[in-house]
Colleague: 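Dumping the structure here so I can ask a few things about it.
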Amino acid sequence: MSIRLNCRYLNGFLNEEALRQAADETARAQSMLFENSAGAPGSDYHGWLTLPEDYDKEEFARIKQAAAKIVSDSRVLVVIGIGGSYLGARAAIEFVRSKNYNVTATDTPKIFFVGNSISPCELSEVLSVCENTDFSVNVISKSGTTTEPAIAFRFFRALLEKKYGKEGAAGRIYVTTDRTRGTLKQLSLREGYETFVVPDGVGGRYSVLTAVGLLPIAAAGIDIDALMAGAGEAMRRYADRDVLKNDCCRYAAIRNLLYRQGKSVEMIVSYEPDFTMMNEWFKQLFGESEGKDGKGIFPASAIYSTDLHSLGQYVQEGVRLMFETVVCFDRPKRDLRVEMDAENADGLNYLAGRDMSYVNRRAFEGTVLAHTDGGVPNILIECPQMGAFTLGELIYFFEMSCAVSGYMLGVNPFNQPGVESYKRNMFALLGKPGYEELARELKKRLANEG
């Protein structure tokens, strides 16, 4: 079975007639992807569209070999990257294996993700873990100069060289970077690090199905052939030019139609805690793609039923500015059965003989009815189970939906000009050469506003 879009809980908010009226607009947005229409914003970054079939097979084989070596010689893999350079891989590992992967993994190395903040606490903790165990590093950065991963790599490279010497360290450093240019590429050539490619036509938030995501995912023991096969199945299915039958296009159209009704927040929801990092990946994908030019749906997230005890009140009765997209699964990875208790002190014997998955499903059904009654539209994305093939489908589904939705919104879904603003200010305040004038201006502002 494949993933399915279920719109039955949109009754009273949207109907098929509204989707039919938006069909021409949706088809134009889809055409901007498939036909690389003249003037389509970001058309240089459509490389992910055919990636599930035309990926580099030689590099794919090297990724498997590198992952096998890491498994054989390392008890820890440190993945250094930020944004799209770590979110997809971490999301995939938790989705397929477990949110508690580092506790439950016995046949593959623990995997720590660093370089996605500038917290000295987090960095020092992982460094201390690595001091007394065998470890390898996968550093991911197209330029090699992004501040957060560059700082982290400096520390971990020094520790590797201290433990293993320069030559030994070189055999434990795997670099995913630009094919020919940049600081990391030049360093890798000089030091003899094995390198993998961040493709030119694939932006960071669309890169999980490249070496950016595949090496850490494979090192976690996940079947990357199945992952790519799932994405390939989705690629073929969502090439359908009948947008009313294409779930990707329908989802993109629904999002935009709800946005035009004033629903400016999308809450991505799952009832499986192992989906937590997929929520974070989703937020980067849609937030960075759509949030520009004063437009865009704000991506939020929740794990139910956990967050029903913190956010549930607001969702039910707060400002009517949101809709929910619920990702649910037909079968859990594991299940438990509630047994009969002779004393029934907790009053739960009415559930005796029921599986926990049954209880979780009823929690979902009760919640979706309550929230739609409360004026919150709900979109369902139904998946067979949390495995590598399904994940490949889901990744491609969201990537294509995001691209079509962005074009319908009238923005370039493949750039992120606003991200540079904080970087310029940070460089100036840190004293990076070339930012002296801006530094003086910012320090004056800070003093006045302080």
Colleague: If you draw a 6.0 Å radius around NZ in Lys162, do more than 12 non-hydrogen atoms from other residues or ligands fall strictly inside?
Modeller: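 Check fails, neighbour count at 12 or below.
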Colleague: Looking only at heavy atoms, which two atoms of Ser31 and Arg241 are closest? And how far apart?
Modeller: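 Ser31 and Arg241 have their closest heavy atoms at OG-NH2, 2.9 Å.
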Colleague: Roughly how far apart are Ser301 OG and Trp281 CH2, rounded to 0.5 Å?
Modeller: 13.5 Å
Colleague: Filter on side-chain hydrogen bond (donor to acceptor under 3.5 Å, both in side chains), then keep only pairs touching residues 392-402, sequence neighbours left out; what's left?
Modeller: Ser2-Glu393, Arg237-Glu393
Colleague: Judged by atom type as modelled, is there a donor-acceptor pair below 3.5 Å linking the side chain of Asp293 to the main-chain atoms of Val411?
Modeller: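 The answer is no, because no donor-acceptor pair under 3.5 Å joins these two groups.
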Colleague: Nearest 0.5 Å, what's the CD1-CZ distance between Ile217 and Arg90?
Modeller: 13.5 Å
Colleague: Can you tell if the side chain of Leu127 reaches within under 4.5 Å of the side chain of Phe155, non-hydrogen atoms only?
Modeller: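 Heavy-atom side-chain distance check passes, below 4.5 Å.
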Colleague: Describe, in one word, how the ring planes of Tyr206 and Phe414 are oriented to each other, choosing from parallel (under 30°), tilted (30 to 60°) and perpendicular (over 60°).
Modeller: tilted
Colleague: Check whether the side chains of Thr180 and Lys185 place a donor and an acceptor atom closer than 3.5 Å, and report yes or no.
Modeller: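 The answer is no; no qualifying pair exists.
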Colleague: With no hydrogens and no angle check, is any side-chain donor or acceptor of Thr390 less than 3.5 Å from a backbone partner on Met386?
Modeller: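 Not at all, since once roles are kept as given, no pair shorter than 3.5 Å links the two residues.
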Colleague: Checking Val129 against Phe112 for the side-chain contact (heavy atoms from CB on, under 4.5 Å) test, could you report, in this order, the C-alpha distance in whole Å, the side-chain angles of both residues, the deciding distance, and whether it holds?
Modeller: CA-CA 10 Å; Val129 168; Phe112 293 94; 4.0 Å; yes
Colleague: Heavy atoms, side chains only, cut-off 4.5 Å: are Val315 and Met267 in contact?
Modeller: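 Touching, per the 4.5 Å side-chain cut-off.
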Colleague: Out of curiosity, Thr325 OG1 to Asn378 CG, how far, rounded to the nearest 0.5 Å?
Modeller: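 Between atom OG1 of Thr325 and atom CG of Asn378 there are 8.0 Å.
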Colleague: Between Asp178 (side chain) and Arg181 (backbone), is there a donor-acceptor pair under 3.5 Å?
Modeller: yes
Colleague: So Phe153 and Leu187, do their side chains get closer than 4.5 Å, heavy atoms only?
Modeller: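 The answer is yes, as the side chains (C-beta and beyond) meet within the 4.5 Å cut-off.
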Colleague: So does Arg179 pair up with Asp200, basic N to acidic O under 4.0 Å?
Modeller: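 No.
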Colleague: Sort and list the pairs that fulfil side-chain hydrogen bond (donor to acceptor under 3.5 Å, both in side chains) and have at least one residue in residues 95-106, not counting sequence neighbours.
Modeller: Tyr101-Thr108
Colleague: Does atom OH of Tyr251 have more than 12 heavy-atom neighbours, drawn from other residues, nucleotides or ligands, at distances under 6.0 Å?
Modeller: yes
Colleague: Look only at the side chain of Asn246 and the backbone of Tyr238, and say whether a donor-acceptor pair between them is shorter than 3.5 Å.
Modeller: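 Indeed, once roles are kept as given, a pair shorter than 3.5 Å links the two residues.
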Colleague: Applying side chain to side chain donor-acceptor pair (under 3.5 Å), run through Glu290 and Ser405 and close with a yes or a no.
Modeller: CA-CA 8 Å; Glu290 293 190 321; Ser405 182; 2.6 Å; yes
Colleague: Can you see which heavy atom on Ile140 is nearest to which on Ser85, and at what distance?
Modeller: CD1-O, 3.3 Å
Colleague: Please table the atom pairs, donor to acceptor, closer than 3.5 Å between any side-chain atom in residues 432-444 and protein atoms at least two apart or in another chain.
Modeller:
unit_1, atom_1, unit_2, atom_2, d
Glu436, OE1, Gly434, N, 3.2
Glu436, OE2, Gly434, N, 3.2

Colleague: For side-chain contact (heavy atoms from CB on, under 4.5 Å), just list the numbers for Cys7 and Ile254, CA-CA rounded to whole Å, side-chain angles, deciding distance to a tenth of an Å, and then say yes or no.
Modeller: CA-CA 9 Å; Cys7 301; Ile254 289 166; 3.5 Å; yes
Colleague: Would you say Glu194 and Arg62 make side-chain contact, with heavy atoms under 4.5 Å?
Modeller: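 Sidechains of Arg62 and Glu194: in contact.
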Colleague: Could you verify whether a donor N or O on one side chain and an acceptor N or O on the other, from Tyr304 and Glu324, lie under 3.5 Å apart?
Modeller: yes
Colleague: Ignoring hydrogens and geometry, is there a side-chain-to-backbone donor-acceptor pair from Asp247 to Leu5 under 3.5 Å?
Modeller: yes
Colleague: Residues in side-chain contact (heavy atoms from CB on, under 4.5 Å) with Gln416, at least two apart?
Modeller: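 In terms of side-chain contact (heavy atoms from CB on, under 4.5 Å), with neighbours along the sequence ignored, Gln416 is linked to Arg205, Glu288, Val419.
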Colleague: Please step through side-chain contact (heavy atoms from CB on, under 4.5 Å) for the pair Phe323 and Val265, ending with a clear verdict.
Modeller: CA-CA 6 Å; Phe323 63 96; Val265 175; over 6 Å; no
Colleague: Answer with yes or no whether the side chains of Ser119 and Ser117 bring together a donor and an acceptor at under 3.5 Å.
Modeller: no
Colleague: Can Asp134 and Tyr164 be counted as having a side-chain donor-acceptor contact under 3.5 angstrom?
Modeller: yes
Colleague: Is the shortest heavy-atom distance from the side chain of Phe282 to the side chain of Glu266 under 4.5 Å?
Modeller: yes
Colleague: Heavy atoms, side chains only, cut-off 4.5 Å: are Phe427 and Tyr422 in contact?
Modeller: no
Colleague: Identify the heavy atoms of Leu215 and Ala67 that sit nearest to each other, and give their distance.
Modeller: CD1-N, 3.8 Å
Colleague: Please check this pair: side chain of Lys163 against backbone of Glu131, looking for a donor-acceptor N/O pair closer than 3.5 Å.
Modeller: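 Yes; judged by distance alone, with no hydrogens or angles, the pair exists.
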Colleague: For the residue pair Phe60 and Tyr55, categorise the inter-ring angle as parallel (less than 30°), tilted (30 to 60°) or perpendicular (more than 60°).
Modeller: tilted
Colleague: To the nearest 0.5 Å, how far apart are CE in Met322 and NZ in Lys263?
Modeller: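 Answer for the CE-NZ pair, Met322 versus Lys263, is 9.0 Å.
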Colleague: Side chains of Phe329 and Glu382: does their closest heavy-atom pair fall under 4.5 Å?
Modeller: no
Colleague: Considering residues at least two apart in sequence or located in another chain, which fulfil the side-chain contact (heavy atoms from CB on, under 4.5 Å) criterion with Cys130?
Modeller: Val76, Val78, Val126, Phe135, Phe156, Leu159
Colleague: Between Asn415 (side chain only) and Pro417 (backbone N and O only), is there a donor and an acceptor less than 3.5 Å apart?
Modeller: no
Colleague: Scan the side chains in residues 225-233 for donor-acceptor partners under 3.5 Å anywhere in the protein, sequence neighbours excluded, and list what turns up.
Modeller:
unit_1, atom_1, unit_2, atom_2, d
Asp225, OD1, Lys64, NZ, 3.3
Asp225, OD2, Lys64, NZ, 2.5

Colleague: Is it the case that the side chain of Ser270 and the backbone of Glu272 share a donor-acceptor pair, with hydrogens and angles ignored and the cut-off at 3.5 Å?
Modeller: yes
Colleague: Between Ala27 and Val243, which heavy-atom pair has the shortest distance, and what is it?
Modeller: CA-CG1, 3.8 Å
Colleague: Can you name the closest pair of heavy atoms from Tyr407 and Gly42 and give their distance?
Modeller: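 Closest heavy-atom pair between Tyr407 and Gly42: OH-C, 4.3 Å.
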Colleague: Output, in order, the C-alpha distance, side-chain angles, deciding distance and verdict of side-chain contact (heavy atoms from CB on, under 4.5 Å) for Val326 and Ile381.
Modeller: CA-CA 6 Å; Val326 183; Ile381 298 172; over 6 Å; no
Colleague: Any carboxylate oxygen within less than 4.0 angstrom of a Lys/Arg side-chain nitrogen, looking at Arg28 and Asp24?
Modeller: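 Salt bridge flag = no for Asp24 with Arg28.
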Colleague: Over all heavy atoms of both residues, which pair between Ile268 and Phe398 is shortest? Give the atoms and the distance, please.
Modeller: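 Scanning both residues, the minimum pair turns out to be CD1-CZ, 4.1 Å.
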Colleague: Please answer whether the main-chain N or O of Val71 pairs with a side-chain N or O of Ser74 as donor and acceptor at a distance below 3.5 Å.
Modeller: no
Colleague: Is any side-chain heavy atom of Val198 closer than 4.5 Å to one of Thr210?
Modeller: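 No. Closest side-chain heavy atoms not under 4.5 Å.
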Colleague: Out of curiosity, Ser136 OG to Ile173 CD1, how far, rounded to the nearest 0.5 Å?
Modeller: 9.0 Å
Colleague: Could you check Thr176 against Asn138 for side chain to side chain donor-acceptor pair (under 3.5 Å), going step by step and ending with a plain yes or no?
Modeller: CA-CA 7 Å; Thr176 308; Asn138 176 207; 3.3 Å; yes
Colleague: Could you tell me whether the side chains of Gln284 and Glu280 share a donor-acceptor contact shorter than 3.5 Å?
Modeller: no
Colleague: Do Asp107 side-chain atoms and Ala105 backbone N/O form a donor-acceptor pair below 3.5 Å?
Modeller: no
Colleague: Nearest 0.5 Å please: distance from the CG atom of Leu14 over to the CG atom of Leu257.
Modeller: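 CG of Leu257 is found 5.5 Å from CG of Leu14.
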Colleague: Count the heavy atoms of every other residue, nucleotide or ligand shown that sit under 6.0 Å from CD of Glu167, and state whether that count exceeds 12.
Modeller: no
